[in-house]
Amino acid sequence: MATPAPVRVSIVLPTYNERGNIEPLLAQLLPLRRQFDLEILVVDDDSADGTAELVRQLAHGEPAIRLIRRVGRAGLASAIKEGLLDATGDLAVVMDSDGQHEPGSVLRALETLQAGELDLVIGSRFHPGAEIRGLSGRRETGSTWANSVARFSLARAYGPLSDFMSGFFALRLDRVLPLIRAVDVNGFKFLYELLAVSGGRLRAAEIPLTFQPRSYGSSKLDLAVFWDFLISILHSLSFRLLPRRAISFGLVGISGVAVQLLMTALLMAGDRLSFKQALPVAVVAAASSNYLINNALTFRFQRLRGLGLLRGLLKFLLVASLPVLANVGLASAFYSFVSPDTFWAQLAGIVVVFVWNYAASSRFVWNTP
Ligand code: GDD
Ligand code: MN
């Protein structure tokens, strides 16, 4: 009797400066060839430490290893999406390549996926059977809190899950691929986005994970990642209608309002400057602060540096100064022709200014569509 052909499995390993970690991980994963028709895709974002060169070398003796190398760091979620879209397996597993996820969990996840007629199996750090050795107290509290917010913003069907931000999950590619195509990759948390676009349709379960300390190097999770998470939540709560980047741009705009109010108050303190003298300074300060924060968060994958940063600032101020006139014109037009209500007139002006600033600075300052 012929044995059935082994199931084809693709393991996606995103890497950013993981030269010290990737070789031992690959060595631990390759024995899975005994059970599966295995493919390992390393998606590297042009690491400066030679990760890609090392993987290239390792791939020479090992046809199961494939390297996808991208120039210009586009982020973790985008690396995962690219790896999954290129995967040729029936089943796929995504995991961190820094040694924090135990290679032993891969087999368990695949078995669970196959046994249970499931689409998705998540390796959870917060499952009762899980063990966390590699998270600081602060990160653990942060994740617990983030998970509650995430649960609230996702479909009811996912309520029983416990880790919506995990970097470890296995899925059935044919079923999940259409959703993967739709995942917005401006965030860090691919899994959360996948659950969000699926609207409760995935048959999902969890296995407990043992989360280890990192072997080498340091975490890439920073303030920007937290920001992305906040944006993801607001995006879900807006029924995914508002573009993520526009939400980010809007939040930064609100911070600019605070900067402007604070600046005028400071400049006018002790009768140093009159309101009319203080206002232009405060407006420019607020616009500059908006620009710098947007550059660091909203457009960080197109981030401007050095001389480009200064040139960008001038362009941003130019872009932002046009609608000031339009705002006055529009609010007056609205007031005269649509409704003589000052609140709605001003709101109409503000909305137009926001849309203009967002669209024009995306295009002309950060060169994105
Ligand atoms: N290609 C690519 N591009 N890979 C990246 C990038 C990137 O921009 N940023 C990070 N990675 C890779 C790292 O090399 C590592 O293999 C994996 O993604 C996880 O990155 P870490 O920087 O180690 O994340 P962490 O350990 O702080 O965060 C963990 O917890 C998060 C939830 O709190 C990970 O498990 C995350 O996946 C998880 O979302
Ligand atoms: Mn890590």
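Quick note: residue numbers are just sequence positions, from 1. When a ligand or atom number is given, it counts from 1 through the structure's own listing order. Predicted model only: the values in this text are computed from it and were never measured. What's counted below: heavy atoms across the whole structure, side chains too, no hydrogens, waters or symmetry copies.
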**Message:** Show the atoms of ligand 1 that are less than 4.0 angstrom away from any heavy atom in H101.
**Reply:** 35 (O)
**Prompt:** Is R300 paired with D228 through a side-chain N to carboxylate O contact shorter than 4.0 Å?
**Reply:** yes
**Asked** So which N/O/S atom does D98 have closest to the Mn ion (ligand 2)?
**Response** OD2
**Prompt:** Just heavy atoms, cut-off under 4.0 Å: does R70 contact ligand 1 by side chain, backbone, both, or neither?
**Reply:** neither
**Request:** Establish, yes or no, whether a centroid distance under 6.0 Å links the rings of F249 and Y358.
**Result:** yes
**Prompt:** Less than 4.0 Å between a side-chain N and a carboxylate O, is that true for E18 and R214?
**Reply:** yes
**Request:** Give the atoms of ligand 1, by number and element, whose distance to some non-hydrogen atom of A79 is under 4.0 Å.
**Result:** 1 (N), 2 (C)
**Fill in**
For G75, the atoms of ligand 1 under 4.0 Å from one of its heavy atoms are 3 (N), 7 (C), 8 (O)
**Message:** Just verifying a value: how many Å separate L84 CG and I80 CD1, rounded to the nearest 0.5 Å?
**Reply:** 7.5 Å
**Asked** Which atoms of ligand 1 are found less than 4.0 Å from any heavy atom of R214?
**Response** 21 (P), 22 (O), 23 (O)
**Message:** Check this for me, if you would: do R19 and D49 make a salt bridge, where the nitrogen-to-carboxylate-oxygen distance has to be below 4.0 angstrom?
**Reply:** no
**Asked** Between P14 and ligand 1, which residue portion shows a heavy-atom distance shorter than 4.0 Å: side chain, backbone, both, or neither?
**Response** both
**Item:** Residue part near ligand 1, for L76, under 4.0 Å between non-hydrogen atoms
**Value:** both
**Asked** By number and element, which atoms of ligand 1 are closer than 4.0 Å to a non-hydrogen atom of D45?
**Response** 1 (N), 2 (C), 3 (N), 7 (C), 8 (O)
**Prompt:** ligand 1 versus S143, non-hydrogen atoms closer than 4.0 Å: side chain, backbone, both, neither?
**Reply:** side chain
**Prompt:** Of the listed options (D96, L191, V43, I68), which comes nearest to atom 1 (N) of ligand 1 when hydrogens are ignored and any heavy atom counts?
**Reply:** V43
**Message:** Out of all atoms in ligand 1, which are within 4.0 Å of some heavy atom of E18? Include the element for each.
**Reply:** 13 (C), 14 (O), 15 (C), 16 (O)
**Asked** Can you tell me if Q100 has an N, O or S atom under 2.8 Å away from the Mn ion (ligand 2)?
**Response** yes
**Prompt:** Would the W366 and F301 ring centres measure less than 6.0 Å apart?
**Reply:** no
**Asked** Roughly how far, to the nearest 0.5 Å, is the CG atom of L209 from the CG atom of D163?
**Response** 8.0 Å
**Request:** Before signing off on this row, confirm whether S166 and ligand 1 have an N or O atom pair separated by under 3.5 Å.
**Result:** no
**Request:** Have a look at ligand 1 and work out which part of R125, if any, has a heavy atom under 4.0 Å from it: side chain, backbone, both or neither.
**Result:** side chain
**Asked** Would E102 and R108 pass as an ion pair if we require N to O under 4.0 Å?
**Response** no
**Request:** Flag the pair E39 and R33 as a salt bridge only when some basic side-chain nitrogen lies within less than 4.0 angstrom of an acidic carboxylate oxygen.
**Result:** no
**Message:** Checking the side chain of S255 only, and the main-chain atoms of V252 only, is there a donor and an acceptor separated by less than 3.5 Å?
**Reply:** yes
**Message:** Just to be sure I'm reading this right: ignoring hydrogens, which of K189, Q100, M95 gets closest to atom 26 (O) of ligand 1? Compare them by their nearest heavy atoms.
**Reply:** Q100
